[in-house]
There are 2 protein chains.
Amino acid sequence: MTMEANVLPAHLKTDLADGVFAAGCPSRTVLDHITSKWGVLILVALSEGEHRWSELRRRADGISEKMLAQTLKTLERDGLVLRKPQPVIPPHVDYSLTDRGYELTALLVPLVTWAYNNADDILNGRP
Amino acid sequence: MTMEANVLPAHLKTDLADGVFAAGCPSRTVLDHITSKWGVLILVALSEGEHRWSELRRRADGISEKMLAQTLKTLERDGLVLRKPQPVIPPHVDYSLTDRGYELTALLVPLVTWAYNNADDILNGRP
DNA sequence: CAGGATCCACCATGATACTG
DNA sequence: CAGTATCATGGTGGATCCTG
């Protein structure tokens with residue numbers, strides 16, 4: 001019996017243009033943003049609802065203020081995250097997902113969940 | 001009308017333990033591997049079927065030999081990619097997905113597809 | 001409270017050359 | 001063909017201090 005193992009079925013492939021493999025493809029830049037170390041965590045955190053700066057800082061354990069600012073700015077410029085300054089005393093800023101950001105996290109959360117569930121087996125060489 | 005916008009429904013959240021946000025969580029390491037710049041492309045390429053070293057080198061446009069070797073080694077150690085040296089003349093090596101790698105690409109390919117389809121809008125500030 | 005600015009260190013990455 | 005070895009570098013990311 002001849003069969004090629006572990007090849008994605010056609011219906012999953014059709015949407016994936018060859019372009020993603022090209023060096024100059026814009027998707028590379030976008031992928032860099034959304035799969036960045038902290039980008040993933042921030043997006044997943046926001047998928048649970050609106051968060052303040054200080055909440056995100058605590059939630060994404062280990063992130064520096066610099067990287068939080070940089071990550072949020074990139075995601076905001078990409079139209080994935082919405083920044084809402086609240087002019088109250090004391091002032092704060094709320095971050096949430098845009099529609100496009102929400103669409104993205106629907107794909108991202110399962111990936112992170114999978115990584116979480118498989119991490120121990122993977123890192124310990126278990127099948 | 002009060003409603004919280006763009007929050008994932010409960011059934012998608014339940015599986016996602018708070019642990020992923022912890023600095024020491026093993027999933028961070030795994031995420032680093034599978035969301036790395038070249039890791040993503042190699043996994044997606046292999047989701048289309050078995051590839052040789054030289055094929056992967058050409059497919060992942062712009063990758064250096066060093067990065068290809070490093071990426072493949074990491075993915076192999078993680079049990080996501082299978083390495084099969086072919087003792088023929090001239091010799092070559094086939095790379096393919098393990099069952100676990102296949103499971104992963106089922107989640108990864110939609111993400112890459114999304115990035116590809118949205119890249120232009122995102123980078124040009126279109127809604 | 002939410003950042004901006006600056007300095008610095010290191011590691012990931014790339015180029016090149018060589019080998020089993 | 002499929003890598004490994006070595007070296008150079010620059011960009012990512014952290015620490016610290018400062019501000020609206």
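We name chains A, B, ... by the order of the sequence lines, and we start the count at 1 in each one. Bear in mind that the values here come from a model prediction, so they are computed numbers and not experimental data.
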Ser54(B) vs dA2(D): side-chain N/O to OP1/OP2 distance below 4.0 Å: yes
Please tell me which of the listed nucleotides, dG3(C), dT4(D), dT13(C), lies nearest to the side chain of Arg83(A)? dG3(C)
Of the listed nucleotides dT13(C), dG3(C), dC1(D), the one nearest the side chain of Glu65(A): dG3(C)
Would you kindly give the CD-to-P distance between Glu76(B) and dG3(D), to the nearest whole Å? 9 Å
If I take atom CG in residue Asp32(A) and atom C1' in nucleotide dG11(D), what distance separates them, rounded to the nearest angstrom? 12 Å
From dA2(D), dG4(C), dT13(C), pick the nucleotide closest to the side chain of Arg52(B)? dA2(D)
Take atom CG of Leu56(B) and atom C1' of dG3(D), then tell me their distance rounded to the nearest Å. 13 Å
Would the distance check show the side chain of Arg57(B) and the main-chain N or O of Ile63(B) forming a donor-acceptor pair, the cut-off being under 3.5 Å? yes
In this structure, how many angstroms lie between the C1' atom of dG3(C) and the CD atom of Gln86(A), rounded? 16 Å
Are Leu82(A) and Leu108(A) connected into the same hydrophobic cluster when the rule is that any two of I, L, V, M, F, W, Y join if their side-chain heavy atoms are below 4.5 Å apart? no
Of the nucleotides dG13(D), dA2(C), dG3(D), which has the atom closest to the His92(A) side chain? dA2(C)
What is the distance from NE2 of His51(B) to C1' of dC1(D), rounded to the nearest Å? 17 Å
In whole angstrom, what separates Lys84(B)'s NZ from dC1(D)'s C1'? 18 Å
NE2 (His92(B)) and CD (Glu55(B)) are apart, to the nearest 0.5 Å, by 8.5 Å
Arg57(B) near the nucleic acid: base, sugar-phosphate alone, or nothing, with a heavy-atom cut-off under 4.0 Å? nothing
Return whichever of Ala69(B) or Gln70(A) has its heavy-atom-nearest nucleotide of DNA chain D closer to the 5' end. Ala69(B)
My understanding is that only one of Asp61(A), Val112(A), Val109(A) makes a side chain to side chain contact (heavy atoms under 4.5 Å, CB included) with Val20(B); could you say which? Val112(A)
Where the side chain of Lys73(A) is concerned, which of dC7(C), dG4(C), dT13(C) is the nearest nucleotide? dG4(C)
Please work out if Pro90(B) contacts a base, only the sugar-phosphate, or nothing of the nucleic acid, heavy-atom cut-off 4.0 Å. nothing
Whether the side chain of Thr98(B) engages the backbone of Gly79(B) through a donor-acceptor N/O pair (distance < 3.5 Å, no angle test) should be reported. yes
Side-chain contact check for Val93(A): nearest option of dG3(D), dA2(C), dG13(D) is dA2(C)
Without decimals, in angstroms, what is the distance between Ile42(A) CD1 and dG13(D) P? 13 Å
Lys66(A) or Leu72(A), whichever maps to the more 5' nucleotide of DNA chain C: Leu72(A)
Heavy atoms from C-beta onward define the side chain here; which of dG3(D), dG14(D), dG3(C) lies closest to that of Met67(A)? dG14(D)
Examine dG3(D): is either OP1 or OP2 under 4.0 Å from a nitrogen or oxygen in the side chain of Tyr95(B)? Give yes or no. yes
For the pair made of CH2 in Trp53(B) and P in dG20(C), what is the distance, rounded to whole Å? 17 Å
Any donor-acceptor N/O pair, Thr35(A) side chain to Thr35(B) backbone, under 3.5 Å: yes
Minimum-distance nucleotide to Trp38(B) side chain [options: dG3(C), dG14(C), dG13(D)]: dG14(C)
On DNA chain D, nearest-nucleotide positions of Lys37(A) versus Pro91(A): which is more 5'? Lys37(A)
